[in-house]
Amino acid sequence: MSSKRHSILPPVSQSGPKPPVHFSSSITIADSALLIGTNLIVIHSESVIHPRAKLDSLAGRITVGRRCIVHERATLGAVGTSGKITEAAVTLGDYVTVEVGASIEAGETVIGEGTVVGVGARVGAGAVVGKHCTLTPHTEIAAGEVVPDFTVVYSNGMRRTDKRGVAELKNKGQARQIDVLRRMIPSNPAKFA
Amino acid sequence: MSAPAGSAPLPHRSVANIRSPSGAGHHQSGPSTPLRAIPSNFGSPSSLRADEEIIIIEFGTRKLQVGFSGDPAPRGCIWFGPDQQRRVGDFREWQTDYRYDWRRAAAGGLWGKDHELWQYDVRGADLGLVGDRIERALREAFTKYMLIDSRPRRMVWILPSSLPIPLLSAALDSIFSRFQPPTVSLLSSSLALTVGAGVRSALVVDLGWSETVVTSVYEYREVGSSRSIRGGRMLVEQTHKLLARHLPEARGGQDNSQEYVLSFEECNDITTRMVWCNARQRSRPYQPSSDALATVQEQDETKLEGLSPGRMHGPVVIPLKSWLSPTSLELPFDALAEPCENTFFDSQYSHTSFDDHELPLHLLVYRSLLQLPVDVRALCMSRIIFTGGCSNVLGLRKRVFDEVSAIVRERGWDPVQGKGVQQFRTNPNLNLKRRVARQAGEGPTGVALQSGDGEEQDGVWHDAANTVPEPDPFEEQLKRGTDKRPRVQGEMRAIESLGAWSGASLITHLKASALATVDREAWLQHGAAGASKPSDVDHKAQRQSLGAGGLMRGSAAGSAWTLGIWGAT
Amino acid sequence: MSRRPPRGEYIETDTGNKVARKATLVGTQNIMLGGKTVIQPEVMIRGDLIRTIQASSQSASGAPPNNTAVSIGRYCFLSRGCCLRPPGRLYKGTFTYMPLRMGDHVFVGPGSVIQAASVGSHVHIGTNVVVGEFAIIKDYVRILDGTVVPPNMVIPSLSIVAGQPARLIGEVPEGGHEAFELRDLYKTVGNNPQPAPS
Amino acid sequence: MAALTPYTYIQCPCSDSSTLGRSSGPNSPTGSEGDEDDRTFDPRAPRSNYSLYPLEYLLYCEDCHQIRCPRCVSEEIVTYYCPNCLFEVPSSTIKSEGNRCTRSCFQCPICIGPLAVTSVETKPDPGLLAATDNTAAPHSGPYALTCSYCNWSSTEVGIKFDKPNSIHAQLAKLRNGGTTRLTAKERKERRKDPSYRSQAAATTGSEGGAGPGKEEKLDLETQFANLKSFYQRQLADPNSADTGLASLSDLGFSSPTSLSRIMSIYTGGSLQDKKAKSRVGAMREALESDEGLQIADLDESAAIDKLQTDGHDGTASTAQLLDQIPNLGEAHLHGRSRFLSELRPIPYLLRAKRSKRCPVCRHIISKPEAKIQTTRFRIRLVAGSYIPSLAIRPLSLSSASSTSSSGASVPGALLEPLKPTHFLLTFRNPIFDTIKVTLGAPAKTPGRFPSKVTVLCPEFEIDANTDVWDEALKDSGERERERERERRARRGGFEESTTTSSSNNHNNNNNNNAQNQLEVGKIWERGRNWVSIVVEVVPPSLKLGDSTGDGGGVLREDEDVLEIPMFVRVEWESEGGGDEVAVAARDTSGGSKEAREKRELAYWCVLGLGRIRRS
């Protein structure tokens, strides 16, 4: 392949209005990330938004905490079952990881600090996931459900409590990962500003 | 290779048979159908035989335990379930969208039945299917857990002594024709348990799945056995009742037709996880008024013995997935003792109101002790072995033990005061005890009375009675012999056994011979029909417990062999 | 080349690769295709996540040849919407990505996400499968739909796995090997596809 | 699950022999009553699930010219290996180690995902940290096994390790909760010094109280060992071993004369000197824990309390308990094995490469290379390269014949009840002789919902699979061309219509001309080594209503799948074969046996066509 272009990136369908954003200066956001909607999108310091990640503030404000990683194709603020507009559609605490293809529906949905939303997992509208939880891949959290801190949801809905007490280590790891990512992902906050 | 094998055409070649398997079915009676060739064609050359690696298989109603002799524990344990009954290469159970539709199965009359290898009631049973199931389970065990090739190996089977012959022969058929063990030796589970406990006599209380069996073993011989339908299945049913009762009434009318509102799998799971058993209540008199309800007992459970005083009735949350809508149920912890209460004790009823086949456990144990001659009883009561799946119900063993000792304290071993003939008939305890009393006295005369209520129990029972005279004479010898070496007896005591499988492993490892040993060629030629009934072997045998003669003849393979106790019926 | 006027939904390279124009390939210079590989629309490959452990100085721009992030063999078939990304982990205290290597005749079902360290040859990965980081999948492996292969899992050859998390549920029978062959499938897509054989 | 791609299952003929193998004595009157009535094979009979196989599971014996299924081959182990670390395991160590990996390969007791060794002190995220580089990692012990899927850690059951390697050995010495356990050997030594007793009582006390008095609580392994040595001591006889054995067997298992024997023995035993013990006469019971006797400890109140406090979440599911291996390191955990705290990491079960022999002629029909890494086979005689493969496609009749088009034209679509539907069966001949195929299918499929079946062309020949190189070195180009032909042929069979099928040259297609309408006895179309015919089925309506006997009014699983049993007979002549096809064709009553040159293969198969729409 000709090495001129480093990517084959078919144009992103920038449908809908361009949402107002409030970015920390230290964030990393790929220019093929997809930000749509009408409400404010807040991204706090050192968070990383992968290419093709989708933040949709149509149903309310989207807030991404510090040192979060939102992977490709993850969707924050998907207008789910409840199409109603809320003040804060999706709120991610600090050190949250939203894995590939995971989707977090809009509607006062909260993801606690240090929680990992696994690949292809779905968090329903209004669900409140506690701190340092692990939602394994393909996990489904029903709308409005409350998941206590340190819960591990695995094998189609089985639950247990994470007793390892490695929260702060995971956060450290996350920080290191972010160091690497920001070197790899060309950030282009200007595009969304 | 054996001669018939050589002469017979290969089964595959003969199209006719393939075309109509059922039609072929008619030939079955013929002892030497050409198609037998296949089995005997499998590695008969002894060179192909595995160096003595004896395989021990314990058959249960719901699981198969398999391992090598000399091992302390089985290598693999295969549970029977609907997923095993699928075709090869059918992986639907793993599809994310697939859920086993238990409601259909339940409607088909098998709520949990498809988790059982067999039912003892063989009427209308597809024995071929039983054979297939055993074969598949065994194959899985061999390839997955034992990692052995398919060279023929000797086998030792551990079977409940009440296994009906049709089932036994179905099993033998499929194993002999599919795995070619040169011989299959049969052991009764209660014996294996006894050996596994290091004793020669014991009262084996097998809290099994389909029924609870109390077997008294004396000097390695089953001298008596009585059973009650109160077993694991009943317990799970009771658990289901309990849960169903606590489910919100908004059950949805469409489900009223359904007898079951929860899946067997789930109830079974909850039973094994959460169900426990109340300790015996000091306060309660032994015979409560028959109008006392199970619920009544709940309240005063705080002052149960053996429970820490500080216990509060905290509710237990149990998630239910198989209900119409997945939910989680809050139950008082004590409620989870009800199923066990109702299944095994039913103490709200007076003990006279039970039929022989549904005796509560403590009565069952007490009575089977009562039926024993004094000396045997003395030994057995201090060698009680609890086994079977339900012995895992927390507190159950102690409860049974306490209840029984209580009865003993109350009545000792004296016959209850019987009045009138009809009462003599209705109240089984009566004649039993009287018989025992007599036997203890002058022995054999007991037989006449005994025959009255022998109906429930197959052959073994009669043997029990009949053996009575024999122990007596040398029991004095025994006493004399052992006064320097005191044997614990006369006091209630429960002992731990390694379990039937491990016991059998010991027996085999020590090269002791089994109850009966079936030779492959002999079986393939005659099947169960070829087994000479113990009675035919010699008439003493009949009088012996355990359908004796099984051992002696059986080991002399070929000539006249029996199915041991299983051939006794 | 994607500058060329689109002549069909696939770009067909001279090595026989068929890459959908609608596929998202990030950091193509770090993606090695063995040839005759089909990449369907909406496939995403993260070539930009390269290993940084040996020389953290070099950035994604100056790419030495050893910088391969994702290497794919011949006759692989990446179905619509699947995603290949190199696995990353902490190694001696620092975080790095490691290359994802894929053999020949690997079928990746729609919507699956692959973060394995290595995928062997003749592997069939079903629909909506998640292969966790640093999983190692050997040859002739069949992964059924919806399976979640946990991180670091090793799947030996000729295995059939399924479940969440994945567990061995069977072995590929002797007669089943030919089914992994993807040449025919290769022909059924592209700008002038041919129908599958009966 | 509405969609269902058509499938084929084949019944290995051996399963009939098994049916017959069951000697039905007087004892088994009801043997295989399932299909006693109708003479056709019923795919829904519960038993058939055990005899049906997809083609790829079947092998073929070239010498017996027979299909061999997993049930009727005899296997031999080629190599043992661990599926996790992929190390080969010498067969010598297999048995002693319980067929499990003795390195550090474990599965999670909670979710059975793989466990990785991670350092406990500086705990890195196991999700991000692979097991392998702990050795390289700077940090040092203690270590734990952690699951990177469900985040379980062996510390939850109080187990930590000093070294990151040879976990298996370390684990064997550890009880849940971290207390060390003694091997039987150590136990013996320790038993000498009194100080141990107290300590033992202490450790065991935690697991529900030690036995009364000096009773020592033995773990299963030790109890077994003690019992074994006890019995051996009892049986050992200085004079002759066999009498020793005899004593147990006879006593034990009640020979008719056992009574007299017992008598003599006990009289013999009554002279009680220590030596008497070792005599035949002294076969006695175990009296103390050293001899394996264990007094049961029935007080489980502690466990019950734990059950209440831990609740449902504290207990293991039946599935989890299933994966556990018997914990020989503990005494009987009667009820207590249910608690999560009792679960232990599961050492990986080893796997084996197996070669397979024909049970009849003992020839090898499948033999993999011994090396673990390779997937090559030395020998691999799969049925697929000997018996015709069968592909099923729903057939939507083009314009020409209207009658019953649409219907199931889309693969996987539901079949309309009571509406004739057509399917195209394509038989492909893999062997290098022309084969003659005869199909037999019941007019009505068995079961509660019989559907009408008509095979339009039940008898036909398929030309040999000539082009060896074609198949051998899969030259795609050639196959391409071939497929091209088929495709166009399918589109109406114009083109290269030549003489009827006879010998083997590439381009001859039997000319079933133009818009092929359904003619009985006519092949739909034919290719180089394949023939496709049409089957017409009329699905039943799945009306339940009056519950038809068993199963009640409910539709059983898969009862809505239209499955037709079909008896396939394949005849061909290996070179030099006399022509008696016509003769043997009719009489199936085993005239085939005699025919030497003529080969014949016959088996039932089941065609799953699709699901029927519920009415």
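Letters A, B, ... are given to chains in the order of the sequence lines, protein chains preceding strands, and every chain is numbered from 1.
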*Lys18(C) atom NZ: more than 12 heavy-atom contacts under 6.0 Å*: yes
*His138(A) side-chain N/O to Val130(C) backbone N/O, donor-acceptor pair under 3.5 Å*: no
*Nearest 0.5 Å, what's the CD-CZ distance between Gln174(A) and Phe95(C)?*
9.5 Å
*Could you please spell out the steps behind the side chain to side chain contact (heavy atoms under 4.5 Å, CB included) verdict for Leu49(C) and Leu181(A)?*
CA-CA 8 Å; Leu49(C) 307 179; Leu181(A) 283 174; 4.0 Å; yes
_Taking side chain as everything from C-beta outward and backbone as N, CA, C, O, which of these in Ile178(A) sits under 4.5 Å from a heavy atom of chain C? Side chain, backbone, both or neither._
neither
_If I compare all heavy atoms of Val119(A) with all of Gln115(C), which pair ends up nearest, and what's the gap?_
CG2-OE1, 4.2 Å
*Could you pull out the closest heavy-atom pair between Ile50(C) and Met184(A), with the gap in Å?*
O-CE, 2.6 Å
*Count the heavy-atom pairs under 4.5 Å between each of Pro137(A), Gly120(A), Gly101(A), Gly118(A) and chain C, then report the option with the highest count.*
Pro137(A)
*asked:* One pair to check against side chain to side chain contact (heavy atoms under 4.5 Å, CB included): Ile185(A) and Arg46(C). What are the steps and the verdict?
replied: CA-CA 11 Å; Ile185(A) 300 175; Arg46(C) 295 298 302 273; 3.9 Å; yes
*asked:* For the CZ atom of Arg176(A) and the OH atom of Tyr91(C), what is their distance to the nearest 0.5 Å?
replied: 14.5 Å
*Hey, which of Arg52(A), Arg73(A), His71(A) is the one that makes side-chain contact (heavy atoms from CB on, under 4.5 Å) with Cys83(C)?*
Arg73(A)
